[in-house]
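Data block below; observations after.
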Number of protein chains: 2
Amino acid sequence: MTLTTIEFARILADETRQRLMKNCCCCWKSVNELVDDLGGQISQPTVSHHLAVLRQANLVLVRREGKQIFYSLNQERIASCCGQLFAVFAPEQQPQRWVPVQFPSEVEKSNR
Amino acid sequence: MTLTTIEFARILADETRQRLMKNCCCCWKSVNELVDDLGGQISQPTVSHHLAVLRQANLVLVRREGKQIFYSLNQERIASCCGQLFAVFAPEQQPQRWVPVQFPSEVEKSNR
DNA sequence: TTATTATATAGATATTGGTCTATATGTCAA
DNA sequence: TTGACATATAGACCAATATCTATATAATAA
């Protein structure tokens, strides 16, 4: 279910795949939009191939809408994988001592 | 100077390299010790090759002692690279709102 | 149905990079 | 200086994989 650090690194270790990931980070993009974003350098089947890799690793969210299929980067999963890298390869670094913080404005809200 | 997310991912995307990284994380190991840690599966030149990759990326600290050369994982650099991954591929996740924390015992120390 | 558009899959090819053996370099002791 | 040990480099080989073209599948409209 959860990716190993090897699996995660292998998936990230390709430029086209990273470009795709950036392009569908924080938004939903159809496959054709993603192909276009790569400026005609990469064919549609190749993009589909990379999306399949990301899909199988659960690193993208997928939604169908008519003929089109929309993808969006699964940031929660990315965060979890990055956290794992951190835990394995930088166990003595600060972030183990970091703590989530509520800003005053949020404290106010959550008290309502 | 600083690694791109592609460079970092490519370096991580090899099992032998990850094993080496784990084995010299939080301690100093000579090349021969690192070769031994891999249980005879990998030759010394191959280990040296991987160490060269890590060295060129500044992902290991190096120290000579007589005939031997000792390596130790550069956790600070790893942390920085992981942070970059996080910033690029999970910008909307929590940790941007996390904050380093001093525990009471440390506040006491740093006030001396 | 048929045509059209959107995406996925299959199979072939080419490149990248991890591994090996052989050898070079470096350090120290006798 | 020679020999022994520790590590690095060079070059060849092979397997993994990114890419392409061709084609299949899916959804919708006419």
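Please read these numbers as outputs of a predicted model, since none were measured by experiment. Below, chain A is the first sequence line, B the second, and so on; all start at residue 1.
- An OP1 or OP2 oxygen of C:dT7 is reached within less than 4.0 angstrom by a side-chain nitrogen or oxygen of A:Asn32.
- When side chains are defined from C-beta on, A:Gln84 counts as touching A:Thr2, because their heavy atoms get closer than 4.5 Å.
- Residue A:Arg55 has its side chain nearest to C:dT9 when only C:dT9, C:dG18, C:dC20 are considered.
- One finds a side-chain N or O of B:Thr46 lying less than 4.0 angstrom from the OP1 or OP2 phosphate oxygen of C:dC20.
- Rounded to whole Å, the distance from CZ on A:Arg19 to C1' on D:dA18 is 14 Å.
- Phosphate proximity of C:dT19 to B:Thr16: present, with a side-chain N or O under 4.0 Å from OP1 or OP2.
- Atom CD of B:Gln56 is separated from atom P of D:dA8 by 11 Å (rounded to the nearest Å).
- Atom CD of A:Glu33 is separated from atom C1' of C:dT7 by 14 Å (rounded to the nearest Å).
- At least one side-chain nitrogen or oxygen of B:Ser48 sits closer than 4.0 Å to the OP1 or OP2 atom of D:dA8.
- Side chains of B:Leu54 and B:Met21 form a contact here, defined as non-hydrogen atoms less than 4.5 Å apart.
- Atom CG of A:Leu54 and atom C1' of D:dA18 are 14 Å apart (whole Å).
- Between B:Tyr71 and D:dA8, a side-chain N or O to OP1/OP2 separation shorter than 4.0 Å is present.
- The interatomic distance linking A:His49 (NE2) with C:dT13 (P) rounds to 18 Å, in whole Å.
- For A:Ser30, counting side-chain heavy atoms from C-beta on, the closest listed nucleotide (C:dT7, D:dA8, C:dC20) is C:dT7.
- Nearest to the side-chain atoms of A:Ser43 among the listed nucleotides D:dC20, C:dA8, D:dA18 stands D:dC20.
- Side-chain atoms of A:Gln44 and base atoms of C:dA6 include no donor and acceptor less than 3.5 Å apart.
- Note that CD of A:Glu76 is 12.0 Å distant from CG of A:Leu59, once rounded to the nearest 0.5 Å.
- Candidate nucleotides C:dT5, C:dA8, C:dC28 were compared by shortest atom distance to the side chain of B:Lys67, and C:dC28 ranks first.
- Mapping A:Glu65 and A:Ile42 onto DNA chain D via the closest heavy atom, the residue that lands nearer the 5' end is A:Ile42.
- In this structure, B:Cys82 and B:Phe8 have side chains that are in contact, with non-hydrogen atoms separated by less than 4.5 Å.
- Here the C1' atom of nucleotide C:dT27 and the CD1 atom of B:Ile69 are 10 Å apart, to the nearest Å.
- If B:Pro45 and B:Val53 are placed on DNA chain C by their nearest nucleotide, the residue sitting closer to the 5' end is B:Val53.
- Look at A:Arg64 and you won't find any side-chain N or O under 4.0 angstrom from OP1 or OP2 of C:dA8.
- Two residues are said to be in side-chain contact when any heavy atoms from C-beta on lie closer than 4.5 Å; A:Leu3 and A:Arg77 meet this criterion.
- Counting only heavy atoms from C-beta on, B:His50 has its side chain closest to C:dT19 among C:dT19, D:dT19, D:dA18.
- Closest to the B:Arg10 side chain, of the nucleotides C:dG17, C:dA8, D:dT9, is C:dG17.
- Side-chain proximity of A:Asp14 to D:dA18, C:dA6, C:dT19: nearest is D:dA18.
- Residues B:Glu92 and A:Cys25 form no side-chain contact, since every pair of their non-hydrogen atoms from C-beta on lies 4.5 Å or further apart.
- Here the C1' atom of nucleotide D:dT17 and the CG atom of A:Leu12 are 16 Å apart, to the nearest Å.
- Rounded to whole angstrom, the span from the CD1 atom of B:Ile6 across to the P atom of C:dG17 amounts to 11 Å.
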